[in-house]
Each structure stands twice: as C-alpha cells, then as structure tokens.
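Structure provided below as structure tokens; questions to follow.
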Amino acid sequence: MFKKILVPLDGSELCETALNSAEIFAKQFDAELILLHVVPHVTLYTETEGRCVDVCEPDEKARSVAGKYLFKRANELELKGIKTSWVIRTGEYPAKEIINYAKENAVSLIVMSTHGRSRFSHLLLGSVAEKVAREGSQYSSVFLVRCGKSC
C-alpha cells in the first residue's frame with residue numbers, strides 16, 4: 001500500500017516523535033523512509049531595472065548541519081533494516097516544500113508530528129502540520145502524530 005513514506009524533520013524532539021510511527025509503517029509495508037529537512041530561506045526582493053530579483057542565498061552552514069543530522073538518523077534507521085534516504089530542500093514556506101516534494105516524488109504517505117494546539121494559540125502560531133494535512137492530502141495520505149505535553 002505505502003511504498004514511499006516522507007518524514008519531515010527539523011531536528012527537534014517534537015518532529016522526531018513521528019519517527020516511531022513511520023518505522024512501524026515502513027516495516028509493515030516494506031516501504032522506503034525519506035527524511036526531509038527544509039532549510040529556511042527568506043526571500044528579499046529588490047527592484048532592479050523594473051524587475052524583482054531574489055537576493056538571498058541559502059544558508060550553507062544550515063544545510064551542512066541538516067545534512068549531518070539527516071545522515072545520522074538515516075544510518076540509525078538503516079541499522080534497523082529500514083531502507084532510508086534523505087533530502088534537504090530550501091524554501092520560504094516549509095509546508096509548501098513538503099507538499100511539493102511529496103507531489104514530485106510520488107510519496108504515498110507523509111508522517112509528521114503536531115503539537116495539537118487549538119483555538120487561539122493555533123490561530124496565532126499557525127501549523128505546518130495542518131497545512132500539509134489540508135493541502136498535501138491531495139497527493140499523499142497524511143498521518144499526524146500528536147505530541148504530548150512533554151514536547
């Protein structure tokens with residue numbers, strides 16, 4: 001049923017709570033786990049001769065740290081017998097990058113964690129997980145792992 005399982009990670013304990021569920025799915029369906037990290041990229045525009053130009057470059061140090069982190073997590077999963085790969089994307093909006101990756105790579109399932117906030121705090125803070133669940137479900141199944149209060 002699931003052949004490619006995408007797990008967005010940002011290096012936090014909250015995001016890592018999704019790994020346990022993703023491992024279970026990967027073993028059950030003999031699926032590949034794909035670990036994804038989105039390096040933030042704030043785009044600044046300046047007008048040059050009547051056109052907008054992106055003047056921000058991705059932070060190479062952040063990409064390097066993310067690569068080491070994903071490599072370590074992937075190796076841990078491989079040692080458990082789970083086929084694992086990883087990828088780094090750069091973008092202004094993490095949810096959009098996650099959804100685009102899933103769409104472009106025929107991902108069957110996205111597994112990610114959420115704080116499970118509600119009402120006012122959710123309105124103020126927004127949620128990458130909610131955006132992925134709402135918009136990404138057009139391309140992939142989405143499984144959200146609610147993190148307990150300790151996260």
Side-chain angles (χ1 to χ4, degrees), residues 1-45 52 54 56 58-59 62-151:
M1 184 173 186
F2 301 121
K3 293 296 176 199
K4 293 182 180 181
I5 301 172
L6 182 65
V7 185
L9 298 171
D10 65 6
S12 70
E13 285 183 36
L14 170 66
C15 283
E16 286 189 9
T17 60
L19 281 174
N20 290 336
S21 297
E23 284 182 48
I24 292 167
F25 284 122
K27 287 178 181 176
Q28 183 174 356
F29 295 103
D30 193 29
E32 174 188 7
L33 280 186
I34 305 164
L35 309 180
L36 170 69
H37 180 85
V38 178
V39 174
H41 174 67
V42 178
T43 305
L44 300 175
Y45 293 98
C52 290
D54 183 350
C56 281
D59 184 349
R63 290 181 66 83
S64 175
V65 169
K68 289 174 186 174
Y69 167 74
L70 293 174
F71 179 78
K72 180 180 177 185
R73 290 291 168 264
N75 280 342
E76 291 168 356
L77 292 162
E78 289 277 349
L79 289 173
K80 295 178 181 182
I82 299 169
K83 182 180 177 188
T84 309
S85 60
W86 56 273
V87 64
I88 299 171
R89 300 270 294 227
T90 302
E92 203 168 345
Y93 304 104
K96 181 178 177 182
E97 293 301 319
I98 293 164
I99 294 164
N100 286 343
Y101 183 87
K103 178 181 168 183
E104 294 162 6
N105 293 279
V107 168
S108 320
L109 176 66
I110 302 170
V111 178
M112 60 189 305
S113 57
T114 178
H115 274 293
R117 290 189 179 100
S118 61
R119 296 188 199 142
F120 191 66
S121 64
H122 176 74
L123 288 172
L124 284 176
L125 299 172
S127 170
V128 171
E130 182 194 348
K131 289 174 187 161
V132 170
R134 188 174 352 101
E135 298 170 26
S137 62
Q138 298 175 51
Y139 312 105
S140 307
S141 295
V142 179
F143 184 82
L144 298 178
V145 178
R146 186 171 179 180
C147 182
K149 293 187 181 210
S150 62
C151 291

Subject >> salt bridge (charged side-chain N to carboxylate O under 4.0 Å, His left out) against Lys80, all qualifying residues, sequence neighbours excluded >> reply: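 Testing Lys80 for salt bridge (charged side-chain N to carboxylate O under 4.0 Å, His left out), a comparison that skips the adjacent residues, returns Glu23.
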**OP:** Locate the shortest heavy-atom distance separating Ile5 from Ala31; write the atom from each residue and the value.
**Re:**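 Looking at all heavy atoms of both residues, the shortest contact is CD1-CB, 3.7 Å.
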Original post:
If you round to the nearest 0.5 Å, how far is OG1 of Thr90 from NE2 of His37?
Top reply: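 Reported to 0.5 Å precision, the distance equals 8.5 Å.
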**OP:** Output the distance between atom CD1 (Ile34) and atom CG (Leu9), rounded to the nearest 0.5 Å.
**Re:**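 Atom-to-atom, Ile34:CD1 and Leu9:CG are 12.0 Å apart.
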Original post:
Do Phe143 and Ile110 come close enough that some side-chain heavy atom pair is under 4.5 Å?
Top reply: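 Heavy-atom side-chain distance check fails, nothing below 4.5 Å.
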**OP:** Can you see which heavy atom on Val145 is nearest to which on Ala18, and at what distance?
**Re:**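 Looking at all heavy atoms of both residues, the shortest contact is CG2-CA, 4.1 Å.
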Subject >> Leu19/Val7 under side chain to side chain contact (heavy atoms under 4.5 Å, CB included): CA gap, chis, key distance, verdict >> reply: CA-CA 7 Å; Leu19 281 174; Val7 185; 4.0 Å; yes
**OP:** Quick one: pull up OG in Ser141 and CE in Met1 and give me the separation to the nearest 0.5 Å.
**Re:**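 Rounded to the nearest 0.5 Å, the OG-CE separation comes to 6.0 Å.
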Subject >> pair Trp86-Thr84: side-chain heavy atoms closer than 4.5 Å >> reply: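 A side-chain contact is absent here, since even the closest heavy-atom pair is not under 4.5 Å.
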Original post:
Side chains of Lys68 and Lys72: does their closest heavy-atom pair fall under 4.5 Å?
Top reply: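 No, side chains not in contact.
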**OP:** Search all heavy atoms of Ala95 against all heavy atoms of Lys131 and return the closest pair with its distance.
**Re:**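 Here Ala95 and Lys131 meet closest at CB-CB, 3.7 Å.
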Original post:
Should we say atom OH of Tyr93 is surrounded by more than 12 heavy atoms from elsewhere, each under 6.0 Å from it?
Top reply: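 Open.
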**OP:** Please name all residues satisfying side-chain hydrogen bond (donor to acceptor under 3.5 Å, both in side chains) with Ser85, sequence neighbours left out, ordered by chain then number.
**Re:**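 Result, side-chain hydrogen bond (donor to acceptor under 3.5 Å, both in side chains) vs Ser85: Glu32.
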Original post:
Roughly how far, to the nearest 0.5 Å, is the CD atom of Gln28 from the CZ atom of Phe25?
Top reply: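 Between atom CZ of Phe25 and atom CD of Gln28 there are 7.5 Å.
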Original post:
What distance do Ser64 atom OG and Ile88 atom CD1 have between them, rounded to the nearest 0.5 Å?
Top reply: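 If we round to the nearest 0.5 Å, Ser64:OG and Ile88:CD1 are 8.0 Å apart.
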**OP:** Check the pair Glu16, Arg73 against salt bridge (charged side-chain N to carboxylate O under 4.0 Å, His left out), reporting the backbone distance first and the verdict last.
**Re:** CA-CA 10 Å; Glu16 286 189 9; Arg73 290 291 168 264; 3.0 Å; yes
Subject >> Side-chain donor/acceptor of Thr17 to backbone N/O of Leu14, under 3.5 Å >> reply: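 Yes; judged by distance alone, with no hydrogens or angles, the pair exists.
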**OP:** Sequence neighbours left out, what passes side-chain hydrogen bond (donor to acceptor under 3.5 Å, both in side chains) with Tyr139? Give chain and number order.
**Re:**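 side-chain hydrogen bond (donor to acceptor under 3.5 Å, both in side chains) check on Tyr139 returns nothing, list empty.
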Subject >> Beyond-backbone contact of Arg89 with Leu36, side-chain heavy atoms, under 4.5 angstrom >> reply: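 Counting from C-beta outward, Arg89 and Leu36 do come under 4.5 Å.
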Original post:
If we only count heavy atoms from C-beta on, is the Pro8 to Ile98 side-chain gap below 4.5 Å?
Top reply: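 With C-beta onward as the side chain, the pair touches.
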**OP:** For residues Val132 and Met112, determine if any side-chain heavy atom of one lies less than 4.5 Å from a side-chain heavy atom of the other.
**Re:**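 Yes; the side chains approach each other to less than 4.5 Å.
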Original post:
Which atoms form the tightest heavy-atom contact between Glu135 and Gln138, and what is the distance?
Top reply: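 Of all heavy-atom pairs spanning Glu135 and Gln138, the closest is O-NE2, 3.4 Å.
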Original post:
Counting only N and O atoms by type, is there a donor-acceptor contact under 3.5 Å from the side chain of Asp10 to the main-chain atoms of Ser12?
Top reply: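 Side chain of Asp10 to backbone of Ser12, a donor-acceptor pair under 3.5 Å: yes, one is there.
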Original post:
Going by atom types only, do Ser113 and Arg146 share a side-chain donor-acceptor pair under 3.5 Å?
Top reply: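 No, no side-chain donor-acceptor contact under 3.5 Å.
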**OP:** Examine distances only and state if a side-chain atom of Ser140 and a backbone atom of Val107 form a donor-acceptor pair shorter than 3.5 Å.
**Re:**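 Judged by distance alone, yes, a pair lies under 3.5 Å.
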**OP:** Compare every heavy atom of Ala133 with every heavy atom of Ser137, then report the nearest pair and how far apart it is.
**Re:**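 Closest pair (atom of Ser137, atom of Ala133, distance): OG-O, 3.1 Å.
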**OP:** Please tell me if the side chains of Leu33 and Lys83 come closer than 4.5 Å, counting only heavy atoms from C-beta onward.
**Re:**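 No; the side chains remain at least 4.5 Å from each other.
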Subject >> Which atom of Val142 lies closest to which atom of Gly136, heavy atoms considered >> reply: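 Nearest pair, atom of Val142 first, then Gly136: CG2-C, 4.3 Å.
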